[in-house]
K.L.:
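Input: one structure, supplied below.
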Amino acid sequence: YPFGSDFTPVEEKLSLALADLKEAAAKKPALLKLFVAGCRSANFKNFLPELQRMKLDCTDSPKNWLLQKLLVGALQARN
């Protein structure tokens, strides 16, 4: 952002990862690739601030578990 931003660093990371997720949602193989990467991620705790911001640090339903894995996969792909 050339003139600065009101986003925190965590929110900036999330905006990029969420854009990637949106793009991948149109292509099932890309979405599956992010999901698999999120499931295989051993460094889940590295993304704790982002997961807390999205309220996905504690998964209380299958839907939230799936979203958490997709988000971790997208964040990991950005690193």
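Sequence positions, counted from 1, serve as the residue numbers for this chain.
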K.L.:
Hydrophobic clustering (ILVMFWY, side-chain heavy atoms < 4.5 Å, transitive) - are M54 and L66 grouped together?
P.N.:
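Yes, it is one cluster - the side chains of L66 and M54 are joined through contacts under 4.5 Å.
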K.L.:
Roughly how far, to the nearest 0.5 Å, is CG of L34 from CG of D20?
P.N.:
7.5 Å
K.L.:
Supply the atom-to-atom distance E12 CD to D6 CG, rounded to the nearest 0.5 angstrom.
P.N.:
10.0 Å
K.L.:
Determine whether a donor-acceptor pair (N or O, by modelled atom type, separation under 3.5 Å) exists between the side chain of Q52 and the backbone of D57.
P.N.:
no
K.L.:
Rounded at 0.5 Å granularity, tell me how far CG in L51 sits from NZ in K45.
P.N.:
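Answer for the CG-NZ pair, L51 versus K45, is 9.0 Å.
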K.L.:
CG of L75 to CG of L14: how many Å apart, nearest 0.5 Å?
P.N.:
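Here the rounded value is 6.0 Å.
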K.L.:
Has E11 got a side-chain atom pairing as donor or acceptor with T8's backbone, closer than 3.5 angstrom?
P.N.:
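Looks like yes, one N/O pair under 3.5 Å.
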K.L.:
Please find the pair of heavy atoms, one from A74 and one from L21, that lie closest to each other, and give the distance.
P.N.:
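Reported closest heavy-atom pair: CB-CG, 3.9 Å.
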K.L.:
For the residue pair F47 and Q76, establish whether any side-chain heavy-atom pair is separated by less than 4.5 Å.
P.N.:
yes
K.L.:
CG of L67 to OG1 of T59: how many Å apart, nearest 0.5 Å?
P.N.:
10.5 Å
K.L.:
Taking all non-hydrogen atoms of both residues into account, name the closest pair between K69 and C39 and its distance.
P.N.:
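Nearest heavy atoms, K69 then C39: CG-SG, 4.0 Å.
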K.L.:
How many angstroms lie between atom CH2 of W65 and atom CG of L70, to the nearest 0.5 angstrom?
P.N.:
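Between atom CH2 of W65 and atom CG of L70 there are 9.0 Å.
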